[in-house]
Chemist: 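If you scroll down you'll find the structure; I have some questions about it.
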Protein chains: 2
Amino acid sequence: MLDQKPNKTEDQHTDLLRQFHLRPTRQRLALADLLFNGPCRHVSAEQLRLETKNKGINMSLATIYNTLNQFTKVGLLHEINLDNNVTYFDTNTDHHHHFFDPKTNKLIDIPRDAISLNALPDAPDGHDVERVDVIIRLS
Amino acid sequence: MLDQKPNKTEDQHTDLLRQFHLRPTRQRLALADLLFNGPCRHVSAEQLRLETKNKGINMSLATIYNTLNQFTKVGLLHEINLDNNVTYFDTNTDHHHHFFDPKTNKLIDIPRDAISLNALPDAPDGHDVERVDVIIRLS
DNA sequence: AACCCTATTTAAAATCGTTCTAAACTGCTT
DNA sequence: AAGCAGTTTAGAACGATTTTAAATAGGGTT
Ligand SMILES: [Mn+2]
Ligand SMILES: [Mn+2]
Ligand SMILES: [Zn+2]
Ligand SMILES: [Zn+2]
């Protein structure tokens, strides 16, 4: 009775990938398993390389980058860049905010409605607001 | 009558650098001139390399990085990292926010009090809030 | 001024995260 | 089974930044 959310099956991931016209290859399924089972994550390519390696899954780093970029392009992931010039991929694609601990480079989600942003300034001429990100930097 | 803020003299920059125990070398004075005269800027090392080159100032890229990092350490600049894994240095060190145009990678300052952030969530246990950054991403 | 010591600058190499290349492989349709 | 496009791969390449170690230049002392 410990599992809150049952793990998604490989078939479910296969369906998901097909929805985005991505072939359900072994590599993409393995990464989908790491990314989309369990709680939301903020993860770098290098972290995923270690995780696949530790699980005995063989996959080149280029494939990890390719896959993360493809998942991002179709909207399954969100890219975040912070202090250290390393790209993190957020499995939570809802519009939300973050605590950020610069010591550990860890991110913690803040639900969108936990921060009230009223009276935002108007976007400069010729531009629209695409998204508002609040980063609460911790010490 | 076009100049609002008179340019700071080299002597003023010399004093400023000495306050932070940085020797007023030719290179640091040249960069201080580019950074701290005129309006606030968000500038990369590479941009400064071009500006110094165009002005006929000889300076290695390593020195530009060294200087920007030293200025940042003493609080004369603020570091900002965004989409493209290039570090930008903000000459406005006040607590403020930004519009960001991902097409041009340009930042526009938003004064701190132009955005009301009330009822922020509490920092996680063992942490304090160091700073809150709002980035309004434009399209 | 000449001297000295240390901070600073420099060119070049190194590092690091990420992307590109081109060849091998694999999922899928026929 | 064959064929083809999509995918993976190792390795090279890339771009931003840091490090190295040698040369230079501030700034104090005589
Ligand atoms: Mn990317
Ligand atoms: Mn830095
Ligand atoms: Zn998140
Ligand atoms: Zn700014």
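All chains are named by letter (A, B, ...) in the order of the sequence lines, taking the proteins before the strands, and each is independently numbered beginning at 1.
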Chemist: Across the strands shown, which category fits Thr87(A) at heavy-atom distances under 4.0 angstrom: base, sugar-phosphate, nothing?
Modeler: sugar-phosphate
Chemist: From CD1 of Ile57(B) over to P of dT10(C), roughly how many Å is that when rounded to an integer?
Modeler: 11 Å
Chemist: Between Thr25(B) and Tyr88(B), just flag the one whose closest nucleotide in DNA chain D comes earlier from the 5' side.
Modeler: Tyr88(B)
Chemist: Is there a side-chain contact between Met59(B) and Ile64(B) in this structure, where contact means two heavy atoms from C-beta onward sitting under 4.5 Å apart?
Modeler: yes
Chemist: Contact class for Asn81(B) vs. all strands (heavy atom < 4.0 Å): base, sugar-phosphate, or nothing?
Modeler: nothing
Chemist: Does the side chain of Phe89(B) come within less than 4.5 Å of His78(B)'s, by heavy atoms?
Modeler: no
Chemist: What's the verdict on side-chain hydrogen bond (donor to acceptor under 3.5 Å, both in side chains) for Asn85(B) and Asn81(A), showing C-alpha distance, side-chain angles and the deciding distance?
Modeler: CA-CA 7 Å; Asn85(B) 286 348; Asn81(A) 285 80; 2.4 Å; yes
Chemist: Tell me: CZ of Arg26(A) to P of dC28(C), nearest whole Å?
Modeler: 12 Å
Chemist: In terms of side-chain heavy atoms of Thr63(B), which of dT8(C), dT10(C), dT18(C) is nearest?
Modeler: dT10(C)
Chemist: What contact category does Asn69(B) fall into here, base, sugar-phosphate, or nothing, at under 4.0 angstrom with non-hydrogen atoms?
Modeler: sugar-phosphate
Chemist: Give a yes/no on whether any side-chain N or O of Arg23(A) is located under 4.0 angstrom from OP1 or OP2 of dT26(C).
Modeler: no
Chemist: Please figure out whether Arg18(B) or Asn85(B) has its closest DNA chain D nucleotide nearer the 5' end.
Modeler: Asn85(B)
Chemist: In whole angstrom, give the distance that lies between atom CZ of Arg49(B) and atom C1' of dT9(C).
Modeler: 16 Å
Chemist: Looking at side-chain heavy atoms only, is the closest gap between Asn118(A) and Asn118(B) below 4.5 Å?
Modeler: yes
Chemist: Calculate the interatomic distance between Asp83(B) atom CG and dT18(C) atom C1'; express it in whole Å.
Modeler: 15 Å
Chemist: For Leu61(A) and dT19(C), give me the distance from atom CG to atom P, rounded to whole Å.
Modeler: 10 Å
Chemist: Are a donor atom and an acceptor atom from the side chains of Arg28(A) and Gln70(A) found within less than 3.5 Å of each other?
Modeler: yes
Chemist: Please check the phosphate of dT8(C) (OP1 and OP2 only) for any side-chain N or O of Gln70(B) closer than 4.0 Å.
Modeler: no
Chemist: Evaluate the ring planes of Phe36(A) and His13(A), with Trp represented by its six-membered ring, and classify them as parallel (under 30°), tilted (30 to 60°) or perpendicular (over 60°).
Modeler: tilted
Chemist: With the side chain counted from C-beta on, respond yes when Asp90(B) and His98(B) share a heavy-atom pair under 4.5 Å apart, and no when they do not.
Modeler: yes
Chemist: Taking 5' to 3' order, which nucleotide of DNA chain D is first and which is last to have an atom within less than 4.0 Å of a heavy atom in chain B?
Modeler: dA16(D) to dG27(D)
Chemist: In whole angstroms, how far is the P atom of dA11(C) from the CD1 atom of Ile64(B)?
Modeler: 11 Å
Chemist: Could you tell me how far apart Leu17(B) (CG) and dA7(C) (C1') are, to the nearest whole angstrom?
Modeler: 14 Å
Chemist: Between atom OH in Tyr65(A) and atom C1' in dT21(C), what is the gap in whole Å?
Modeler: 18 Å
